[in-house]
Amino acid sequence: GQQLNQSPQSMFIQEGEDVSMNCTSSSIFNTWLWYKQDPGEGPVLLIALYKAGELTSNGRLTAQFGITRKDSFLNISASIPSDVGIYFCAGHSLSGYSTLTFGKGTMLLVSP
Amino acid sequence: NAGVTQTPKFQVLKTGQSMTLQCAQDMNHNSMYWYRQDPGMGLRLIYYSASEGTTDKGEVPNGYNVSRLNKREFSLRLESAAPSQTSVYFCASRGVAYEQYFGPGTRLTVT
């Protein structure tokens with residue numbers, strides 16, 4: 001089946017640093033989604049991308065839909081302690097019908 | 001709007017016991033999903049319901065059954081719980097453009 005490779009698996013950074021993470025696939029996706037999961041909570045949708053090349057921001061978060069449609073990137077600028085959590089990418093392809101394919105997540109730790 | 005709600009939040013079962021996890025959404029979404037989340041495994045789809053009256057297997061359906069009771073509610077049943085079903089279970093519903101919205105989860109331990 002389809003797989004998403006999400007990297008890095010984990011990051012430990014200092015408050016104020018910028019963060020980048022990405023997802024890649026061997027298949028084409030027509031929708032890319034980025035979620036954040038706080039400890040003990042369900043994933044929360046951060047950003048949705050629907051067109052190749054699209055760049056979308058949500059506060060200090062910026063995500064891009066890769067032009068090949070096989071990858072997506074999430075950047076967090078000027079990180080703060082509340083950015084701690086697990087960030088998941090997810091993609092939808094037309095062959096996936098009504099389902100999403102999820103990456104395994106990037107765990108972000110921020111040191112004050 | 002409450003979004004997606006799940007009950008219970010925590011549950012401990014003995015091997016062989018049965019239970020039903022409840023999920024409801026108030027966003028008038030057609031599609032609903034059940035996932036399990038295990039350390040290092042990410043989110044794995046158990047079952048989904050693309051519309052009221054239909055259900056389909058996901059990646060890991062064995063040991064589970066589902067019921068789409070109406071448009072709002074989608075339940076997950078464990079008929080005979082096993083320790084391998086210890087996990088965190090999430091319900092989700094799908095918006096108009098494939099984005100999914102998740103509930104807070106049920107943390108299940110099977111001893």
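Here the structure is a predicted model, which means the values were calculated and not measured. Every chain is numbered from 1, with letters handed out A, B, ... down the list of sequences.
- The environment of M107(A) atom CE is sparse: at most 12 non-hydrogen atoms of other residues, nucleotides or ligands sit within 6.0 angstrom.
- For A97(B), the parts lying under 4.5 angstrom from a heavy atom of chain A are both the backbone and the side chain.
- Between Q37(B) and Q37(A), the closest side-chain pair of non-hydrogen atoms falls below 4.5 Å.
- A 4.5 Å side-chain heavy-atom check between P43(A) and L43(B) finds at least one atom pair inside the cut-off.
- Heavy atoms only, all atoms of each residue included: G40(B) and K104(A) are closest at O-CD, 3.7 Å.
- Heavy atoms of R44(B) lying under 4.5 Å from chain A are absent altogether.
- Residue Q100(B) is tested with L33(A), T99(A), L100(A) for a side-chain contact (heavy atoms from CB on, under 4.5 Å); the sole match is L100(A).
- Y33(B) and L21(B) are assigned to two separate hydrophobic clusters, defined by single-linkage of ILVMFWY side chains at heavy-atom distances under 4.5 Å.
- The contact between L45(A) and chain B is made entirely by side chain atoms (from C-beta outward), counting heavy-atom distances below 4.5 Å.
- Remark: aromatic rings of F102(B) and Y35(A) are close, center separation under 6.0 Å.
- Residues L108(B) and I46(B) share a single hydrophobic cluster, defined by chaining ILVMFWY side chains whose heavy atoms lie under 4.5 Å apart.
- Under a hydrophobic clustering in which Ile, Leu, Val, Met, Phe, Trp and Tyr are joined whenever their side-chain heavy atoms come within less than 4.5 Å, directly or via other members, V88(B) and Y35(B) fall into the same cluster.
- In E17(A), the CD atom is crowded: over 12 heavy atoms of neighbouring residues, nucleotides or ligands sit closer than 6.0 Å.
- Between Y98(B) and Y50(A) the shortest side-chain heavy-atom distance does not fall below 4.5 Å.
- Looking at S98(A), the atoms closer than 4.5 Å to chain B (heavy atoms on both sides) sit in the backbone and in the side chain alike.
- Linking ILVMFWY side-chain heavy atoms closer than 4.5 Å, directly or via other members, places L45(B) and Y89(B) in two distinct hydrophobic clusters.
- Linking Ile, Leu, Val, Met, Phe, Trp and Tyr residues whenever their side-chain heavy atoms come within less than 4.5 Å places L109(A) and M21(A) in a single cluster.
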